[in-house]
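Atoms within each ligand, like the ligands themselves, are counted from 1 in listed order.
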Amino acid sequence: YLIIALTAIISYLIGSVNFSILLSKMLSGKDIRESGSGNAGATNMLRTYGKKMGVITLLLDVLKGIVVILLSRLVKNIAGTDEIYPVISYVAGVCVILGHNFPLYFGFKGGKGVATSLGVVLMLDWKVGLIVAVVAIAVMAVTRYVSLGSILGGAMYIVIEIVKMIVTKNVDVIQLVCVVIIGGLLIARHHANIKRLLSGTENKLGAKKGEVK
Ligand code: G3P
């Protein structure tokens with residue numbers, strides 16, 4: 001259990017490296033949380049600094065999730081405790097997302113965890129990750145709402161994982177809790193977006209200045 005706790009802490013610390021905040025400060029000396037939607041994430045980087053920075057932030061935040069899951073597998077291999085896997089990876093996944101959303105180094109005010117969750121989910125089960133990503137990206141492309149795609153992706157992830165557990169008759173309580181936290185936290189972090197979506201004032205991707213952005 002000490003090994004799991006240590007892995008969880010390291011995952012949180014890695015997650016706390018929020019690339020949108022770092023890059024925005026490097027680029028303009030300004031904090032991304034003072035621009036656009038105020039969110040510390042790739043979408044707001046795209047909105048504020050353009051496509052290239054949006055993509056770079058997205059990739060780095062996805063990579064952060066991937067790295068942490070790889071690290072958790074390394075720990076598992078070294079510790080040789082097979083029974084704590086895959087649970088250790090799920091716990092590490094939750095912690096890296098928590099770090100991204102509530103970063104230790106940036107006053108606990110981070111992003112919504114979409115990119116980092118994607119990296120984690122792809123590593124935990126790439127087929128599930130791929131299905132969720134394809135549907136979420138399709139929703140984003142059609143509606144031009146990144147938030148709507150993200151929210152539906154979070155909900156879909158929980159449903160797919162639960163169905164998977166039922167079909168394979170392989171229910172692990174810790175794994176289930178982690179899945180619900182990953183999807184649920186992603187949705188909860190979008191509470192302001194949900195309000196804006198309902199009132200028709202949500203930012204649209206690629207909107208011109210002046211119209212509802
Ligand atoms: O990247 C998170 C996305 O789903 C919404 O971001 O900046 O429009 O609140 P934002």
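Taking all atoms of both residues into account, the shortest heavy-atom contact from Lys30 to Ser35 is NZ-OG, 3.7 Å.
Transitive grouping of hydrophobic side chains (ILVMFWY, heavy atoms separated by less than 4.5 Å) brings Leu104 and Leu185 into a common cluster.
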Please tabulate, for side-chain N and O atoms in residues 144-156, each donor-acceptor pair with protein atoms closer than 3.5 Å (sequence neighbours left out).
from: Ser147; atom 1: OG; to: Glu202; atom 2: OE2; distance (Å): 2.5
from: Ser150; atom 1: OG; to: Val146; atom 2: O; distance (Å): 2.9

Listed pairs under 3.5 Å, donor-acceptor, residues 112-123 side chains, sequence neighbours left out:
from: Lys112; atom 1: NZ; to: Asn193; atom 2: OD1; distance (Å): 2.6
from: Thr116; atom 1: OG1; to: Asp61; atom 2: O; distance (Å): 3.3
from: Ser117; atom 1: OG; to: Gly113; atom 2: O; distance (Å): 2.4

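Of the inter-residue distances, the one linking Tyr12 atom OH with Ile97 atom CD1 reads 13.5 Å to the nearest 0.5 angstrom.
Near ligand 1, heavy-atom contacts under 4.0 Å come from Ser37, Asn39, Thr43, Asn44, Arg47, Lys112, Val114, Val146, Ser147, Ser150, His190, Asn193, Arg196.
The list of side-chain hydrogen bond (donor to acceptor under 3.5 Å, both in side chains) pairs with a residue in residues 124-137, not counting sequence neighbours, reads Asp125-Lys164.
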